[in-house]
Amino acid sequence: MKHEAYVYELGELRERAPKIFGIPTGTKLDEMFYTVVYDEREGKYVKKPLGGIPHLAVMNITGIPDTGKSILAEQFAVYQAARNYPVLFITVESPAHFLYTALKQKAHALGLDFETVEENIIVIDASQDAELRENMGALLDTIAYAIRRKNTKNVVIDSVTGLYEHREVLARQIVRQIFNFLKKWSQTALLVSQKRSSQSSETAEAAGGLAVAHIVDGTIVMDKTVITTRWEERLYGRKMGEVIRTIRIDGCRLVPHASETYVFEITDTGLIDIKRPLSEVVGGD
Amino acid sequence: MEVITRPVGEGANIDRLAERIFHESIRILGGLKKLVEYRNLTWLPSLAEAAYVIALKNDAVKTNREIAEYLGITEQTVRNILSADERKVEEYLRGGGEHPEHIAGAIAKLAYRAIKTEGDDV
């Protein structure tokens, strides 16, 4: 393709510009992305919850181990599939039969029809095949096949870090290829990426490090703190040894979003339950 | 729930992709017969090597060192192939310009782009 083909008059993009609406995750995260609309009665612009992650967004979910990244990704997949929007789930860490069990549990916990979920999810098991993990051409061709086969609207990759482990120097290139590919195929996507525990949650590395966050449309950071001091007990209103889990949207270039950090719990049935802003929790529950 | 456990499609096979780049490179050069007629058959080993380098770099996303180790060539050769100037080579093949460095690298890059544009669903 000649390079001229990539030059546009702004007006030429009108028809191609995507509509902004939410793709529900089945969690309170859906209320944390906004859209801004003009209210004629009020005579001003007002914030309205988008109702999900932005349509066609490629979002990065990042956090240290055991912060609920995979649970959120699975919950999203199940919720979308139950609504008859086909999902491609690329599992890089957990073998496909373990993923099946996890998805089944999520569907039951959410009260969703698992038969519909089963019908609408196609899985690429890259956990057992090194070529799928290390040969980007092979992976992208296989993703293209799966998208065509099921006419999927959503893609989950858990985790994208598994595609560049032991060759982190290529992380940016790999994520860029995946990002461009998902855009081309008009998919809304969640990419799970792993953060090292040494990277503190307020730093840029918390958004996945290695410039991953600069490529994707936005990042959701999940974190946890174990209460180990009296001071933390008083601050969070929790008992010693308890865990306080937090989630925040660390930037999204497509729509405005909540800037607060929210407290969430992983329920007994293994679901993400986002409660309220951390600022309301601090000082006593 | 359908589960795919093995790679599907052409990108799954770097050998096949390299062969396609090789064949497309020959086509860009005017066909095998033209290479015979102009006594340029010695280009073929370099074209084969360059085809693999381009396939491994772009589709397998390998580092220069990995490619060099895989093909048994030096990292400098890999760098030369990847940095070959396509425009200069195109100009040279049209009969103008000076003899550029690493013609095979540039031809393989042009061939790769032609393949991807042609069957551009990946």
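Letters go in sequence order (proteins before strands), and every chain restarts at 1.
With values rounded to the nearest 0.5 angstrom, Ile4(B) atom CD1 is found 10.0 Å from Ile143(A) atom CD1. We find the CD1-CG distance between Ile14(B) and Asn135(A) to be 4.5 Å, quoted to the nearest 0.5 Å.
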Let me see the working for Met136(A) and Asn58(B) under side-chain contact (heavy atoms from CB on, under 4.5 Å), right down to the final yes or no. CA-CA 8 Å; Met136(A) 193 46 61; Asn58(B) 291 299; over 6 Å; no
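Contact between Glu131(A) and Arg6(B) at its shortest, heavy atoms only, is OE1-NH2, 4.1 Å. A pairwise comparison of heavy atoms in Val3(B) and Ala96(A) identifies CG1-CB, 3.6 Å as the closest pair.
With a threshold of 4.5 angstrom between heavy atoms, Leu99(A) does not approach chain B through any atom at all.
Shown here is Asp268(A), whose CG atom has no more than 12 heavy atoms of other residues, nucleotides or ligands within 6.0 Å. Atom CD of Glu37(B) sits in a crowded spot, with more than 12 heavy atoms from other residues, nucleotides or ligands closer than 6.0 Å. Arg253(A) CZ: more than 12 foreign heavy atoms inside a 6.0 Å radius.
Residues of residues 109-129 of chain A lying under 4.5 angstrom from chain B, judged on non-hydrogen atoms, are Phe114(A), Glu118(A), Ile121(A), Ile122(A), Val123(A), Ile124(A), Asp125(A), Asp129(A) in numerical order. Of all residues in residues 81-88 of chain A, none places a non-hydrogen atom less than 4.5 angstrom from a non-hydrogen atom of chain B.
Highest contact tally toward chain B, considering only Gln177(A), His97(A), Arg149(A), is held by Arg149(A) [criterion: heavy-atom pairs under 4.5 Å].
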